[in-house]
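Not measured: the values here are computed from a predicted model. All residue numbers refer to positions in the sequence shown, counting from 1. When a ligand or atom number is given, it counts from 1 through the structure's own listing order. Values below: every heavy atom of this structure, side chains too, minus hydrogens, waters and symmetry copies.
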Amino acid sequence: MATIDKIAVLTSGGDAPGMNAAIRAVVRKGIYHNLKVFGVYHGYEGLIKGDIRPMDLGSVGDIIHRGGTILRTARSLEMFSEEGQHKAASQLKDRGIGALVVIGGDGSYRGAQKLARLGINVVGIPGTIDNDIVGTDMTIGFDTAVNTVINAISKIRDTATSHERTFLVEVMGRNCGDIALRAGLAIGAESILIPEIEYDLKEVGEKLIRGFKRGKNHSIIIVAEGAGNIMDISTRLKEYTGFDNKVTILGHVQRGGAPTAFDSVLAATMGGKAIDVILEGKSEVMISLCDNKIVDKPLHIAFEGKKPFQRHLYDLANELSI
Ligand code: F6P
């Protein structure tokens with residue numbers, strides 16, 4: 001097997017806090033081990049176009065604490081086509097680049113798998129706030145997004161108390177309820193609506209009424225964006241309870257900000273592990289946090305089944321918000 005002495009790294013899909021820390025780890029550890037490291041700008045779109053630039057130690061200076069991704073990101077339709085995949089692989093092969101680190105979600109992993117079939121060693125690092133990648137306990141960016149939600153809700157709680165109001169707060173996560181569930185448990189939400197669990201809005205309304213009757217001066221309901229249309233939920237709850245509620249959609253603030261210590265360490269350790277597996281000559285692997293250890297697993301695991309739902313957290317949140 002040819003020795004790999006040139007590698008590239010790219011970010012793909014929705015950006016996530018901690019991606020820069022992962023990029024930094026890949027570049028610095030790669031250089032430490034005498035690899036030539038290249039950065040691919042604008043995700044697979046840039047790879048296909050050949051926007052590939054050499055990285056040195058200074059390229060990743062002063063980024064560890066910054067949200068977003070210095071390599072930029074994009075969602076590439078062309079990468080779904082065989083022609084696009086071949087163009088992407090050729091851009092790497094023409095430069096003698098033998099391995100590619102892809103920092104992104106499972107959609108980005110699918111592109112990586114196509115490149116593996118074309119002879120490029122690929123390693124996936126789970127970078128998405130959604131925490132929806134099968135095979136890893138946590139994804140880079142998730143902890144920061146949860147903390148962003150908690151900080152936002154602490155501000156909402158002040159005004160909710162002043163006006164003795166109910167607030168519905170929509171959070172991101174695509175079809176995964178993990179951000180809503182963790183943040184809801186952390187702040188003691190009255191109800192948490194997530195796509196994984198059927199809910200009855202009448203029961204949610206009755207719980208709100210019980211709360212106010214026993215003197216609650218505000219209520220917070222966290223709604224995962226995949227759990228339904230929050231304006232519809234708001235209208236129906238007003239009908240069931242007879243009192244007003246306010247809606248806050250947190251949106252893209254959840255995608256930014258300095259990564260938490262947890263995400264910064266997760267990103268650095270995953271980036272470092274990616275270089276380890278490249279030096280071992282592995283390909284088609286994903287770096288995962290598994291039972292508090294950073295390990296590598298076959299990439300195809302990310303495409304199998306659904307992420308296990310932590311039902312015990314949901315049940316506990318319900319018990320504690322009685
Ligand atoms: O995948 C990350 C994410 O923030 C999802 O939670 C959200 O649904 C989606 O991206 C938004 O996509 P965009 O940034 O393209 O609007």
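The protein non-hydrogen atom at the shortest distance from atom 11 (C) of ligand 1 is R255 NH1, 3.7 Å. Among all non-hydrogen protein atoms, the one lying nearest atom 1 (O) of ligand 1 is D130 OD2, 2.7 Å. For atom 16 (O) of ligand 1, the closest non-hydrogen atom of the protein is H252 NE2, 3.3 Å.
For R174, there are no side-chain hydrogen bond (donor to acceptor under 3.5 Å, both in side chains) partners, not counting sequence neighbours. Here E78 pairs with I48, S76, S81, K87 under the side chain to side chain contact (heavy atoms under 4.5 Å, CB included) rule; sequence neighbours left out.
Using a 4.0 Å cut-off between charged side-chain N and carboxylate O, R110 and D106 make no salt bridge. No salt bridge links D178 with R182; every basic N to acidic carboxylate O contact stays at or beyond 4.0 Å.
Classification of the F212-F243 ring pair by plane angle, with boundaries at 30° and 60°, yields perpendicular.
In this structure, G173 counts as a contact residue of ligand 1, since one of its heavy atoms falls inside 4.0 Å of the ligand.
Scanning M172, R174, E225, R75 for the heavy atom closest to atom 8 (O) of ligand 1 points to E225.
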